[in-house]
> 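Structure in structure tokens, see below.
Order of listing sets the numbers, starting from 1, for every ligand and every atom in it.
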Amino acid sequence: MLNKVDVIARILAEKSRDICLEKGAVYAPANIALCKYWGKRDAQLNLPVTPSLSISLAEKGSHFAFEVIDADKDRLTLNGKTVTEDNDFYQRLFSFINLFRGVKAFPCLHVRINSTIPIAAGLASSASGFASVVKGLDALYGWQLTRSELSILARLGSGSACRSLWSGFVEWQQGIRDDGMDSLGIPLKTIWPQLRIGLWIISSEKKTISSREAMAITKQTSPFYTLWPQQVASDLAEIKTALTHKDFISLGEASERNALFMHETMLMATPSITYNTPQSIECRKQIWQLRRDHLPVYFTQDAGPNLKVLFLEENTRDVLQLFPQMEIIQPFAK
Ligand code: PMV
């Protein structure tokens, strides 16, 4: 069985070992899955059981700046603050970067990350974070990897990161190969300028259980998990048809159903897992009430209590009336 370093070595086989830029900066957007990734067929390489489909969040994401330094250890500045080696985020970031050092030795770096979304609250910060790291290393060496190659590398950091190499809608095809070379993001052509995503932040606190651990427990113990692949297949097909026809109702229904199915599947695990809080349940109810009042508004929810609300530009005023502090993202803003 291949490990992460084997995959990196394969992709970087013919690439230069010489630093090409002493410093540089890159950016990767966060993405929100409308059809979720929940469960791995290979936990080492983050190969998923099913495909998934996301929308990238334009200016919400990770700015990653690097600088080669003459020092004996790496430095990290996160949102303007120095982060030391004993911090989880530092360890997760540099253990990923060190995988590349296993293939190509490179000097210590000072990494500055500015995340425009809260870290680790189920807001896709790890997706944009790992996508920005692989883009940064590509720039450092001038490897000029294709986006597909970068997508495979980003997936090794966090599965959903493989969808953060593009703007707009991205499908992650699950692939069938053991080495995962066919498990990567594929950008879709649909452009939908009227689409809006509202971030309703209930809590920016760190999640109670990591998505990695929660996925493993769900897959192993939830009696609903056997139904998950077929649910994804039907939701994914419905979402893709909705994108082709710009059918918002169908997009919203399939996306919300898919999120609820994921959350119910983990609720049925042993031990039971929930990312909900009383406020997130209340917020779901408010959205259902809006629909009874004939406002086409839907939600999706990831590994955290925060809701991402889907609606169209024409309903912005009504949505803001109920959720005045909602941060509204235009995924197709120029
Ligand atoms: O990529 P991870 O390991 O952070 O998992 C992401 C899981 C969800 O956000 C809940 C779903 C998804 O497809 O993004």
> Output the list of atoms in ligand 1 that are nearer than 4.0 Å to some heavy atom of Asp302, sorted by atom number.
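That gives atoms 8 (C), 9 (O), 10 (C), 11 (C) of ligand 1.
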> Which ligand 1 atoms are under 4.0 Å away from a heavy-atom of Gly159?
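Going through ligand 1 atom by atom, the ones under 4.0 Å from Gly159 are 1 (O).
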> What is the nearest protein non-hydrogen atom to atom 14 (O) of ligand 1, stated with its residue, atom name and distance?
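The protein heavy atom lying closest is Arg163 NH2, 2.8 Å.
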> List ligand 1 atoms under 4.0 Å from Ser158, heavy atoms only on the residue side.
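Counting from 1, the qualifying ligand atoms are 1 (O), 2 (P), 4 (O).
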> Can you tell me if Asp235 uses its side chain to pair, donor with acceptor, with the backbone of Cys35 under 3.5 Å?
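Answer holds: no.
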> Would the distance check show the side chain of Thr270 and the main-chain N or O of Thr221 forming a donor-acceptor pair, the cut-off being under 3.5 Å?
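It does not hold such a pair.
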> So if I count the atoms of ligand 1 from 1 in the order they appear, which ones are less than 4.0 Å from some heavy atom of Trp38?
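Answer, ordered by atom number: 10 (C).
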> Not counting sequence neighbours, list each pair that qualifies as a ring pair (Phe, Tyr, Trp, His ring centres under 6.0 Å) and has a residue in residues 50-79.
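Qualifying pairs: Tyr27-His63.
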> Which ligand 1 atoms does Ala33 reach within 4.0 Å, using its non-hydrogen atoms?
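Numbered from 1, ligand 1 contributes 12 (C), 13 (O), 14 (O).
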> What are the atoms of ligand 1, with element, lying closer than 4.0 Å to any heavy atom of Ser126?
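Counting from 1, the qualifying ligand atoms are 4 (O).
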> Side chains of Gln231 and Arg257: any donor to acceptor distance under 3.5 Å?
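There is no such pair (donor and acceptor under 3.5 Å, judged by atom type) between the side chains of Arg257 and Gln231.
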> What orientation do Phe332 and Phe169 show, parallel under 30°, tilted 30 to 60°, or perpendicular over 60°?
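Judged by the thresholds at 30° and 60°, the geometry between Phe332 and Phe169 is tilted.
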> Checking a contact table here: which protein heavy atom is nearest atom 11 (C) of ligand 1, and how many Å away?
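Among all protein heavy atoms, the one nearest atom 11 (C) of ligand 1 is Tyr37 O, 3.4 Å.
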> Please report whether ligand 1 has a polar contact with Ser211, defined as an N or O pair separated by less than 3.5 Å (distance criterion only).
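N/O-N/O distance under 3.5 Å: yes.
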> Regarding ligand 1, does Lys40 bring an N or O atom to under 3.5 Å of one of the ligand's N or O atoms?
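Between Lys40 and ligand 1, no N or O pair is found under 3.5 Å apart.
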> Side chains of Arg163 and Ser56 only: does a donor on one sit below 3.5 Å from an acceptor on the other?
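The criterion, which ignores hydrogens and geometry beyond distance, is not satisfied for Ser56 and Arg163.
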> Which of the numbered atoms in ligand 1 are under 4.0 angstrom from any heavy atom belonging to Ser160?
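Here the atoms of ligand 1 in question are 1 (O), 2 (P), 4 (O), 6 (C), 14 (O).
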> Between Arg212 and ligand 1, which residue portion shows a heavy-atom distance shorter than 4.0 Å: side chain, backbone, both, or neither?
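Neither part.
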